[in-house]
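Numbered from 1 within each chain, the chains take letters A, B, ... in sequence-line order. Computed from a predicted structure; not experimentally measured.
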There are 2 protein chains.
Amino acid sequence: MSAINERRERERAHRHQLIITTARELAEAEGWEAVTTRRLAERVEYSQPVLYSHFNGKDAIVSAVAIDGFSELAAHLRRARQAAPEPGQALRAVCRAYLEFATERPALYQAMFVLPTDLKFASAETPPPLRAAFGEFVSCFRLDNERRELFAEVTWSALHGMAVLSDSGRIPPDGQEERLDFLVTQIADSPAG
Amino acid sequence: MSAINERRERERAHRHQLIITTARELAEAEGWEAVTTRRLAERVEYSQPVLYSHFNGKDAIVSAVAIDGFSELAAHLRRARQAAPEPGQALRAVCRAYLEFATERPALYQAMFVLPTDLKFASAETPPPLRAAFGEFVSCFRLDNERRELFAEVTWSALHGMAVLSDSGRIPPDGQEERLDFLVTQIADSPAG
DNA sequence: ACCACATCCTAGCAACGCTAGACATCCTGT
DNA sequence: ACAGGATGTCTAGCGTTGCTAGGATGTGGT
């Protein structure tokens with residue numbers, strides 16, 4: 001109603017975002033296991049209950065960070081795809097960008113793809129940024145390819161596996177480049193790649 | 001030294017295994033978040049501190065479950081590979097068996113590949129069962145292929161991605177079969193597959 | 001029979017996610 | 001201008017977590 005309420009809403013929205021970015025910073029600096037509601041509250045200079053007046057719980061905060069991450073990922077992939085010299089190089093560029101994103105922001109990546117979240121994937125309520133990111137993979141394949149989505153899913157799965165297995169030390173972190181090269185070659189060398 | 005001590009050691013080893021299998025059962029029945037040291041202690045009918053006389057902590061228990069899982073996975077993959085009608089079908093059979101394993105024992109799979117563990121991968125102290133499981137993938141490729149390990153790593157990464165993204169609902173659980181088919185086709189259609 | 005040792009449990013610590021209820025603060029209507 | 005009510009925030013605490021110190025109990029060896 002009044003201008004006062006508008007100001008309050010602005011402040012509230014501002015604080016909402018502050019919580020998200022602070023959680024993300026804390027996670028990127030010390031890992032998600034260091035992100036406790038107490039420490040987070042202290043950093044934003046409010047008491048614990050205010051976190052719960054903005055989010056349903058800790059998982060919801062992680063989800064909010066994840067959504068921000070999806071937007072960034074989508075933009076990152078899109079930039080890479082459009083900067084590719086020729087269409088045939090788009091897939092390679094996008095895949096490389098994906099791995100880059102995962103290795104440079106491991107905590108953010110975890111929030112998006114590893115930690116338990118409330119997010120709905122591949123359904124009606126899927127957040128648009130998430131759809132956009134997935135769409136970048138789909139766009140790497142020719143329009144007349146009836147199985148573009150399938151191609152994209154497998155590509156994404158492979159990249160995710162590489163990212164997460166490498167991050168947790170289950171495959172050697174070096175050699176990502178060779179694996180990437182091999183993957184792209186195999187996927188692209190298909191009837192309708 | 002005496003027979004009494006031997007009996008004690010036997011009992012201790014027996015209890016050690018009891019803890020592991022109980023933890024696994026509990027995880028498979030209700031998920032790992034339901035596996036607390038208290039509940040686990042109650043189930044094995046001992047107090048909490050005995051768990052810590054066998055393991056360094058909860059993570060070590062998870063790791064122990066994971067190692068058992070690696071043995072089973074290795075055996076499962078080996079069986080599938082050897083049952084393949086012809087060598088050209090080995091890769092497909094092993095990949096299918098891998099996904100089968102992951103979907104039928106999700107909690108065990110999580111202990112092995114998702115949850116934080118103390119395990120060392122791809123190093124000198126890598127547990128033999130783990131090497132064996134990975135070796136089954138390598139064995140699917142021809143001996144004269146200099147990049148067998150690379151092939152195996154990418155194959156494994158892709159399968160892991162499919163398994164974990166599907167399990168967490170990030171890609172639709174149906175269509176695994178088509179994805180598997182596509183993946184195997186692309187990987188196998190290579191100069192030295 | 002007695003001592004010494006190993007084994008096991010009770011009890012408790014600090015930290016976790018989360019919430020009820022008191023307190024203060026500010027807007028609103030008369 | 002001032003009381004009343006709504007809004008917002010904090011203190012304090014609940015139940016649970018992983019983990020551990022220290023005492024009780026019972027067994028084995030001399």
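Relative ring orientation between A:Tyr109 and A:Tyr98 is described as perpendicular, the plane-to-plane angle rising above 60° on a 0-90° scale split at 30° and 60°. Relative orientation of the B:His16 and B:His54 rings is tilted, given thresholds of 30° and 60° on the angle between their planes.
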Hey, can you pull the donor-acceptor pairs under 3.5 Å for the side chains in residues 40-50 of chain A, sequence neighbours left out?
unit_1  : atom_1 : unit_2  : atom_2 : d
A:Gln48 : NE2    : A:Thr37 : OG1    : 2.7

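Closest-nucleotide positions on DNA chain D for B:Val35 and A:Arg15 were compared, and the one nearer the 5' end corresponds to A:Arg15.
Salt bridge annotation for A:Glu72-A:Arg24: present, with a cationic side-chain nitrogen under 4.0 angstrom from a carboxylate oxygen. Between B:Glu178 and A:Arg147 there is no salt bridge, since none of the side-chain N atoms of the basic residue sits less than 4.0 Å from a carboxylate O of the acidic one.
Listed by residue number, the members of residues 48-56 of chain A with any heavy atom below 4.0 angstrom from DNA chain D are A:Pro49, A:Val50.
Judged purely by atom type and a 3.5 angstrom limit, A:Glu28 has no side-chain atom pairing as donor or acceptor with the backbone of A:Ala107.
Residue A:Thr36 places at least one side-chain N or O closer than 4.0 Å to OP1 or OP2 of C:dC16. Here B:Thr37 reaches the OP1 or OP2 of D:dG18: one of its side-chain N or O atoms lies under 4.0 Å away.
D:dT27 atom C1' lies 17 Å from atom CZ of B:Arg12, rounded to whole Å. Between the P atom of D:dG15 and the CZ atom of B:Arg38 lies a distance of 14 Å, rounded to the nearest Å. Here the P atom of nucleotide D:dT16 and the CD atom of B:Glu33 are 16 Å apart, to the nearest Å. A:His16 has its NE2 atom 17 Å from the C1' atom of D:dG8, to the nearest Å. Summarising the geometry, the separation between CD1 on B:Ile61 and P on D:dC19 is reported as 8 Å, rounded to the nearest angstrom. Put simply, CG on B:Leu40 is 12 Å from P on D:dT17, counting in whole angstrom units. Between A:Asp59 atom CG and C:dC16 atom P there is a gap of 16 Å when expressed in whole angstrom units.
A:Arg81 pairs by the salt bridge (charged side-chain N to carboxylate O under 4.0 Å, His left out) definition with A:Glu136, not counting sequence neighbours.
For B:Lys58, whose side chain is taken as the heavy atoms from C-beta onward, the closest listed nucleotide among D:dT9, D:dG18, C:dC18 is D:dG18. Picking from C:dC18, C:dC9, D:dC10 the nucleotide with the shortest atom distance to the side chain of B:Tyr46 gives C:dC9.
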